[in-house]
Amino acid sequence: MTVSELDEIRAIERKWQDRWFSDKIFEPQSTGSKKYFLTTPYPYTSGPQHIGHTRTYNVADIHARFMRMNGYNVLWPMAWHITGTPILAISSCIERCEGATIALYENYVRLYEEDESRVEEIVNSFVNPWNIANYFAAKIIPDFQKMGFSIDWSRQFTTGDPIYNQFIRWQYEKLMELGLIVSGQHPILYCTIDKNAVGEDDIAGGDVDKISIDEYIGIKFSFEDGYIVTATLRPETVFAVTNLWVAPSETYVKAYVDGEKWIISPESASKLRYQQHDVNIIEEFRGSALLGGHCVSPVGSKIPILPASFVDVNYGTGIVMSVPAHAPYDWAALNDLRQQRGINADNDLIRLTNDIEAIKPISLIKIEGYSDFPAVELCERFDVRSQRDNETLSRITNLLYKEEFYNGTLKPIAQQFEGRLVRDVKEDIVEFLKARNAASTIYETSAKGLCRCGGSVVVAIEPDQYFLNYGDPKWKAKAFELLDQLKIVPDAYRAQFVQTFHWLDKRPCVRRRGLGTTFPFSKDHWIIEPLSDSVIYMALYTIIKHLRECDPEQLTPAFFDFIFLGKGDLTHVSQQTGLPQEMLRAARHEFTYWYPNDHRHTAVAHISNHLSFFLFHHAIIFPKACWPKIVTLNELLIREGVKMSKSRGNVIPIATVPEVYSADLVRLCLVSIADLNSTVDWRENEVEMVKKRLLRFWHAANSDIVSGQPQYDKELSFPSRWILAATNAMVSRASEAAHQFSYRKYVTEAFFEQLNRVEEYRSMVLDSGERRHVLLDLLNVWLRVLAPVIPHIAEELWERVHKDGYISLAAFPQYDNLYAETLVQKRFLDGVIGDVSNIQAAIKRETASVFIYLAAAWKYKLCEVVYGLDGRSLKQIMARAKEDPELRTHLKDIARIAPGLVKLLAQEPAADIVLGFEAESETLLATKEYLSRRFGKDVSIFVENSDIYDPANRARRALPAKPAIYVE
RNA sequence: GCGGAGGUAGCCAAGUGGUCAACGGCGGUGGGCUCAAGAUCCACUCUCACAGGAGUUCGCGGGUUCGAAUCCCUCCCUCCGCACCA
């Protein structure tokens, strides 16, 4: 068992992959009564596939193969997703000659290209995003083939194809007709230089430090002829404001904002312009000019304006409202002012003394376990010295905000909002303030970000965004109806679907740029975004072959209505589209044959988006008969305990699988390491273990084939009958596991445990014609059970045992109860072996002989009697024994052994414990030599009676199912 | 905070009312093989017994039951999702 055997397996894998592909054995026709239409996500073609993606496809392939062998006409097609901005972002990185991206893509391309000069050339070509999409789409095909996936390659398309665009336009026509597309304004991340929306991929480091949009409330404090505007995440605290904070040395502006005079920072002014506000600056001044002034809060309080160093003019409006009772920063800043007073006799401070002196924290929110002034309390507890203790302050700020938000209730000072939970009342207070023209929504990025082009990332309001209205009641109701009849495996994920379905609401479905389909309902240039154009494409697989010859212009909404919904009249549609009637008829037939999508398998990460959209769209666009039936899910894959990621450099691309591992090895590992609902941790030492087992199987199977004897006329011995029965039982358990998608259990049963059993059988029956025959016979069944998991090896061995045709297309073995009683016999034997081992281990002496004493016949009779009794007290047993003429002669012994017997029979199911004398005796006699070898001692088998060698007087302890043992 | 999943021997991990001291693997110990190492094979790997026995275990603490890792309750801890990101 060496490298050369693994090399041989690798060569075999290539051989069968080529044959499957050239014989097109996985390209089903739309005929046959049992069909199974399986889909998995089409890969996003921004780079090579790795072993993490492969987990999903691997499960799908194993199931596809299992179903195929169970007589289903299985369709598992594949296409390519290129829609969206990531590919665009990569292109522009390469165009700008960004070293890291170029190096990454050169490494990707090197996986497939030997010629180094080609590598550079190809990467250079990636300045055109289509080249990225096409290059990787083309390379993922051989990647998948290297894994042995039984994909139908004849139905490929990309989401950028004109045919696809027409299909998606039809989908959106339907949604528009149903009134499910709405428009409105929407905040987005936006680059100030590109003048365009930015996604995660466009932001420098955006994949690591994600930037989100925070919704602040701008609160207007009346001041002179206008307002000082502060920005806050906690509008409810407006009732407890004691003062405002400004940065005295920074510049502020007075500006007309939508016709009102606002005092804010200039940075804020320019950001507001992106948020659909009309902003004109009137004058600039230093923050210190505001100090000592007083403004009036929306709830009528007179509020002084004071200086604080923690104020950042880049954040919000650059002016902060101070709530010292509930905001640690504010309390700390207030303390700083008080302590500086008198020490550094700054003019400003002296001027402000009275104001500072007068400030008392105002208690607004009541929370369990805190005083009236939790911010004060926390500052003291965490020993905050000044407003510059940034780390501590932000930590306790988060802590307190969370606590107050979820568990805090408002005090009487909150007037009509008294007594309500902060989390419930927040929105109402915003409404209240807005109604008095005292508040305005201001969006801010959660962190500073730079676009890859160098521009700042800000929040802009898109005034005319289109949304899919998942919140529409009729849509939601349909979706729930679909969900109710959908099988989900593992079913534990159902709750996540339910939750997602509940909170799904309006969702933007178009973007200003990216690859994809143009949105048909706007004069502006909009592209339907990736998660919105990838939800019903499974339908396209069914008919794509018929569309290749068409002019995409012919694929009108009427065409798709006819094919998918059966709407319209054949002749009419034919005339309208110019498409031949037979083509329309064939496509319609193919769609109705394959749809619905019986089974979709994907990763759990898709539940809250793709899968839910998939179900929503199917529910509303297609009739019930076309609704998907089963969704199965798997968790993700990590490597040596950590996530795989580009930045860690620990990704295993599929392209390297054939040289580093082997397809069948990876396939076996991926399902054996973990169940669907837990993470696979790809650890080399586990892989190594699986590799050894696989090679051992390969080695043994080959030698069984070489030495195999097709014919054997004599009666089979107990061990042979047992291994055949055990194999039968294995087929049954494996089949059941597969139907439940428990493929870990499947390989445990069908590979690992079966391998152990077969090895045990080998040691039970030394080389003989019988064994050679049985092993060959067994292989015929076993290989077919293994074929879904390790198809290459199974296919090769199948050929070597001279079976006709592909094992991939062979019938999954049937199973029956032949020799089932031997399974109980084997359990009995294992019990005896266990007992002998126990005793040997206990006495720690060299021994030469083992004596096994089967119980006397009357004990078996007693056993039946006891088994039939309702109660099993000694008294009852003795009473019954007295009635029996034979047992009556053994009363003394019965009294002695009855407790042990009762205990034995307490094991469930009792009927399987006691085989009867004949069977026990046959089992031991048939395996006597094996036992002798196994113990390394002479083994003698006796039946309990007076004429036997029994120096320690052990035989009398013998019970049915539990012979007595003596070693010497 | 809400919703979901989960906490099992040194580690990973199966097991959801009785055949469970608890599958399997890794690691560890001893032994066979070998000049030796690796590979491989066998045994052991909670505690105590040392003739097949007993005791204590499955996050903590309670409860239901003849019987609980498994069912119920309180608590502690970990992970995932909470949207416009594919």
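Computed over heavy atoms, backbone and side chain alike; hydrogens, waters and symmetry mates excluded.
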| B:U16 versus B:C2 - spacing of their P atoms, nearest Å | 30 Å
| remark: Under a 3.5 Å limit on both distances, the Watson-Crick or wobble mate of B:G38 is none
| query | Between A:E759 and A:R696, is there a side-chain N and carboxylate O pair less than 4.0 Å apart? | reply | yes
| task | Quick one: list whatever passes salt bridge (Lys or Arg N to Asp or Glu O under 4.0 Å) with A:R933, sequence neighbours left out. | result | none
| said: So if I take every side-chain heavy atom of A:L531 and compare against B:C85, B:C84, B:A39, which nucleotide ends up nearest? | reply: B:C85
| remark: From CG of A:L959 across to P of B:G52 the rounded distance in Å is 14 Å
| request: Could you work out the separation of B:G32 and B:U78 based on their P atoms and round it to a whole Å? | output: 49 Å
| request: Check whether any side-chain nitrogen or oxygen of A:K506 sits under 4.0 Å from OP1 or OP2 of B:C84, and answer yes or no. | output: no
| said: Could you check whether A:Y743 and A:Y746 have their ring centres less than 6.0 Å apart? | reply: yes
| said: Both distances below 3.5 Å, Watson-Crick or wobble geometry, any strand: find the nucleotide opposite B:G81. | reply: B:C2
| task | Could you measure between the two C1' atoms, the one in B:C48 and the one in B:C35, and give it in whole Å? | result | 43 Å
| message | Distance check, C1' atoms only: B:G61 and B:U45, in whole angstrom units. | response | 31 Å
| Can a cation-pi geometry be assigned to A:R693 and A:F752, taking NZ or CZ under 6.0 Å from the six-membered ring centre and within 45° of the ring axis? | no
| Rounded distance in Å between the C1' positions of B:G15 and B:G24 | 11 Å
| note | Taking B:A83, B:U40, B:A43 as options, the one with an atom nearest any side-chain atom of A:L504 is B:A83
| message | Tell me if the aromatic rings of A:F497 and A:H502 count as close, with their centers under 6.0 Å from one another. | response | no
| message | Any strand counts, and the cut-off is 3.5 Å on both contacts for Watson-Crick or G-U wobble. Which nucleotide pairs with B:U57? | response | none
| Pair partner, B:G17 [Watson-Crick or wobble, under 3.5 Å] | none
| In whole angstrom, what separates A:F501's CZ from B:G81's P? | 19 Å
| remark: Heavy-atom nearest pair, A:Y537 first then A:T40, reads OH-O, 3.5 Å
| Now, which nucleotide makes the Watson-Crick or G-U wobble pair with B:C44, with each of the two distances under 3.5 Å? | B:G28
| message | Under 4.0 Å, heavy atoms only, any strand: does A:P963 hit a base, just the sugar-phosphate, or nothing? | response | base
| request: Answer yes or no: is there an ion pair linking A:R512 with A:E462, defined by an N-O contact shorter than 4.0 Å? | output: yes
| Distance in angstrom units between A:Q740 CD and B:G15 P, rounded | 12 Å
| query | The side chain of A:N609 lies closest to which of these nucleotides: B:C85, B:G25, B:A51? | reply | B:C85
| Rounded interatomic separation in angstrom, taking CD1 from A:I213 and C1' from B:C85 | 12 Å
| query | Using the benzene-type ring in the case of Trp, are the ring centres of A:H617 and A:Y470 under 6.0 Å apart? | reply | yes
Check nucleotides 28-33 of chain B for protein N or O atoms closer than 3.5 Å to its own N or O atoms and list the pairs.
none

| Does the base of B:U40 carry an N or O that pairs as donor and acceptor with the side chain of A:R696 under 3.5 Å? | no
| 5'-most by nearest nucleotide on RNA chain B - A:H186 or A:M689 | A:M689
| task | On RNA chain B, check which nucleotide each of A:A964 and A:R507 is closest to and give me the residue with the more 5' one. | result | A:A964
Protein-nucleic acid N or O pairs under 3.5 Å, nucleotides 4-14 of chain B:
unit_1	atom_1	unit_2	atom_2	d
B:G4	O2'	A:Q496	NE2	3.3
B:C12	O2'	A:R683	NH2	2.8

| With both distances under 3.5 Å as the test, what is the Watson-Crick or G-U wobble partner of B:A51? | none
| Interatomic distance at P, B:A13 relative to B:G67, whole Å | 33 Å
| request: Applying salt bridge (Lys or Arg N to Asp or Glu O under 4.0 Å), name anything that partners A:E753, two or more places apart in sequence or on another chain. | output: none
| note | Considering only heavy side-chain atoms of A:R827, the closest of B:C23, B:G81, B:U19 is B:U19
| remark: Minimal heavy-atom distance between A:F741 and A:L676, with the atoms involved, is O-CD1, 3.6 Å
| task | Determine the interatomic distance between P on B:G62 and the same-named atom on B:G17; round to the nearest Å. | result | 24 Å
| field | Value in whole Å for how far the P atom of B:C2 lies from CH2 of A:W503 | value | 18 Å
| message | Rounded to whole Å, how long is the line connecting atom CG of A:D214 with atom P of B:A83? | response | 11 Å
| message | Restricting to salt bridge (Lys or Arg N to Asp or Glu O under 4.0 Å), what partner residues turn up for A:R957, sequence neighbours left out? | response | none
| message | Over all strands shown, is A:D835 touching base, sugar-phosphate only, or nothing at heavy-atom distances under 4.0 angstrom? | response | base
| Selection from B:C84, B:A43, B:A51 that lies nearest to any side-chain heavy atom of A:R934 | B:A43
| query | Among all residues two or more places apart in sequence or in another chain, which pass the side chain to side chain contact (heavy atoms under 4.5 Å, CB included) test with A:D950? | reply | A:Y853, A:I948, A:N953, A:R954, A:A955
| message | Whole angstroms only, please: what is the NZ-C1' distance between A:K691 and B:G25? | response | 17 Å
| task | Would you indicate what A:Y966 reaches in the nucleic acid, counting non-hydrogen atoms under 4.0 angstrom: base, sugar-phosphate, or nothing? | result | base
| task | Please state the C1' separation for the pair B:A68 and B:U56 - nearest whole angstrom. | result | 15 Å
| remark: With the side chain defined as heavy atoms from C-beta on, A:P508 is closest, among B:A83, B:C84, B:U40, to B:C84
| task | Taking the six-membered ring for Trp and the single ring otherwise, decide whether the centroids of A:Y949 and A:F942 are under 6.0 Å apart. | result | no
| Whole-Å distance between B:G1 P and A:L400 CG? | 15 Å
